[in-house]
Protein chains: 2
Amino acid sequence: MANTALSSPAAEAWALVQRLVGPQRKRFMALAAEYDLSPPQLGALKALDPARPVAMSELAGILGCDNSTVTGIVDRLEYRGLVERRPADHDRRVKLLALTEEGQELREALGERLHAPPHELASLSLEDQRALRDILRRAFE
Amino acid sequence: MANTALSSPAAEAWALVQRLVGPQRKRFMALAAEYDLSPPQLGALKALDPARPVAMSELAGILGCDNSTVTGIVDRLEYRGLVERRPADHDRRVKLLALTEEGQELREALGERLHAPPHELASLSLEDQRALRDILRRAFE
DNA sequence: TATTGTTATACTCTATAACTATA
DNA sequence: TATAGTTATAGAGTATAACAATA
């Protein structure tokens with residue numbers, strides 16, 4: 001955990017990425033609190049797709065928790081009028097989750113806040129920003 | 001949340017960073033489960049300093065939760081013999097947290113796992129790795 | 001008076017196991 | 001038989017408020 005050598009440039013880069021992202025956790029929690037959401041509720045709102053309904057089990061997969069946990073999270077979101085459960089045509093066991101209009105608006109506002117890059121990146125030179133973007137693009141090729 | 005323009009290179013870079021780090025959350029949960037720790041317990045172990053005892057309130061600050069929450073987390077860690085509560089000389093209200101020998105060993109093993117860069121970074125060319133590292137270093141200047 | 005840590009309380013998240021209804 | 005979602009249950013995390021010891 002300490003400064004253990006950092007053998008490769010990738011390892012040091014990874015440590016720096018973690019340092020960049022670390023504060024994001026508190027930012028996420030603060031944002032959830034601001035909108036009176038629990039962190040998993042915010043995660044669920046973020047994970048739902050405005051363009052396509054998502055099955056309960058699919059959401060469980062995205063959030064990395066059990067189906068039974070999703071039931072409670074969605075219960076509260078639905079009670080608040082942010083999400084709707086709808087039957088699925090192709091399989092009557094499945095329930096599809098759709099954002100209500102209010103849910104979509106909230107999700108939009110949340111998204112804007114989460115998308116804003118932290119000042120460490122925003123204050124890099126435009127040249128560095130582009131280089132960083134290009135390297136990260138290559139990382140996913 | 002969708003592909004909303006990504007106005008600046010910094011915004012796209014930030015989106016890519018989040019994409020890189022996203023899977024890290026599940027990695028973290030899986031690692032905790034593997035060692036029979038809850039995620040906050042793993043976080044606490046990670047936050048404790050092998051070289052310097054940490055006060056309860058300091059740990060609460062790092063974890064971003066209330067002091068009263070830390071009490072329970074540390075209770076379980078202490079019950080398991082991973083952490084010790086010690087009195088502080090300078091202020092008898094304060095309790096200092098120190099890793100036991102077993103706690104240090106576990107933290108070391110955990111650290112090795114968390115420090116390994118994901119394959120997306122590890123498989124970048126050495127040139128890209130170095131450039132990425134250098135840009136991120138500048139981000140923190 | 002203010003602060004550190006604990007306790008009491010209430011709520012949320014969490015997984016497991018058992019259940020219902022589909023498939 | 002197997003799967004999607006719910007319910008019941010028990011344990012852990014979470015903050016708030018009240019408290020004891022200390023500053």
Side-chain angles (χ1 to χ4, degrees), chain A residues 25-48 52-80 82-98, chain B residues 25-48 52-80 82-98:
Chain A
R25 211 177 59 87
K26 287 191 188 177
R27 204 173 147 192
F28 189 89
M29 292 197 302
L31 184 61
E34 188 179 326
Y35 285 93
D36 204 31
L37 296 164
S38 70
Q41 284 167 11
L42 173 49
L45 237 32
K46 200 180 109 190
L48 288 177
R52 170 187 69 95
V54 168
M56 296 285 287
S57 57
E58 192 182 348
L59 181 55
I62 298 171
L63 296 181
C65 66
D66 193 79
N67 283 1
S68 60
T69 302
V70 173
T71 296
I73 295 171
V74 169
D75 278 351
R76 292 165 198 104
L77 254 18
E78 190 170 34
Y79 179 79
R80 245 177 92 168
L82 299 171
V83 163
E84 260 182 12
R85 271 180 248 234
R86 297 181 189 160
D89 294 346
H90 65 291
D91 185 337
R92 283 155 62 196
R93 293 171 302 179
V94 172
K95 286 178 188 167
L96 295 175
L97 301 172
Chain B
R25 210 177 60 88
K26 286 190 188 178
R27 203 175 148 193
F28 189 88
M29 293 197 301
L31 183 60
E34 188 179 326
Y35 285 93
D36 204 32
L37 295 165
S38 70
Q41 283 166 13
L42 174 48
L45 237 33
K46 200 179 109 190
L48 289 177
R52 170 186 70 95
V54 168
M56 295 285 287
S57 56
E58 194 181 348
L59 181 56
I62 298 172
L63 297 181
C65 67
D66 193 79
N67 283 1
S68 59
T69 301
V70 173
T71 296
I73 295 170
V74 169
D75 278 350
R76 293 165 197 103
L77 254 17
E78 188 170 34
Y79 179 78
R80 242 177 95 169
L82 299 171
V83 163
E84 260 183 10
R85 272 183 247 233
R86 297 181 189 161
D89 294 346
H90 65 292
D91 185 338
R92 283 154 61 192
R93 292 172 303 182
V94 172
K95 285 178 188 166
L96 295 175
L97 301 171

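Order of the sequence lines sets the chain letters (A, B, ...), proteins ahead of strands, with each chain counted from 1. Side chains are part of it too, since the values below use all heavy atoms of this structure and drop only hydrogens, waters and symmetry mates.
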Has A:Arg86 got a side-chain N or O lying under 4.0 Å from the OP1 or OP2 atom of D:dG5?
no
Salt bridge check: are A:Arg52 and A:Glu58 linked by an N-O gap of less than 4.0 Å? yes
Checklist line | Worked verdict on A:Leu77 versus A:Leu48 for side chain to side chain contact (heavy atoms under 4.5 Å, CB included) | finding: CA-CA 12 Å; A:Leu77 254 18; A:Leu48 288 177; 5.5 Å; no
hbond_proxy B:Ser68 side chain to D:dT16 base (donor-acceptor, 3.5 Å cutoff):
yes
Applying a 4.0 Å non-hydrogen cut-off, can you work out what B:Asp66 is touching in the nucleic acid: base, sugar-phosphate, or nothing? base
Using a cut-off of less than 4.0 Å, is there contact between a side-chain N or O of B:Arg93 and OP1 or OP2 of C:dA2? no
- Message: Between A:Thr71 and D:dT6, is there a contact of a side-chain N or O with OP1 or OP2 at under 4.0 Å?
- Response: yes
Against the side chain of A:Arg76, the closest entry in D:dG5, C:dC13, C:dA15 is C:dC13
Rounded to whole Å, CD of B:Gln41 lies from C1' of C:dT14 at a distance of 13 Å
Rounded to whole Å, CD1 of B:Ile73 lies from P of C:dT7 at a distance of 15 Å
A:Leu42 CG to C:dC13 C1', in whole Å, measures 15 Å
All heavy atoms of A:Thr71 vs all of A:Arg85, minimum pair found to be O-NH2, 3.9 Å
Which of D:dA23, C:dT4, D:dA12 is nearest the side chain of B:Asp91? It is D:dA23
Against the side chain of B:Ser57, the closest entry in D:dT6, D:dG13, C:dG5 is C:dG5
B:Asn67 has its side chain closest, among C:dA15, C:dT12, C:dT4, to C:dT4
Rounded to whole Å, the NZ-P distance (B:Lys95 to D:dA23) equals 13 Å
Side-chain atoms of A:Ala55 come closest, of D:dG13, C:dC13, D:dG5, to D:dG5
When rounded to whole Å, the CG to C1' distance for the pair A:Leu97 and D:dG5 reads 11 Å
Side chain to side chain contact (heavy atoms under 4.5 Å, CB included) for A:Leu42 and A:Tyr35? Distances and angles first, verdict last. CA-CA 9 Å; A:Leu42 173 49; A:Tyr35 285 93; over 6 Å; no
Atom NE2 of A:His90 and atom P of C:dA23 are separated, to the nearest Å, by 10 Å
Of the candidates C:dT6, C:dA15, C:dT12, the side chain of A:Thr69 sits closest to C:dA15
To the nearest angstrom, the CG-C1' distance between B:Leu37 and D:dG13 comes to 14 Å
Classify B:Ser38 by what it touches in the nucleic acid, base, sugar-phosphate, or nothing, heavy-atom distance under 4.0 Å. sugar-phosphate
To the nearest angstrom, the CG-C1' distance between B:Leu96 and C:dG5 comes to 12 Å
Closest non-hydrogen contact found for B:Ala44 with B:Ile73 is CB-CG2, 4.2 Å
Hey, are A:Arg80 and A:Asp75 close enough for a salt bridge, meaning a charged N less than 4.0 Å from a carboxylate O? no
_Quick check: any donor-acceptor pair below 3.5 Å linking the side-chain of A:Arg92 to the base of C:dT22?_
no
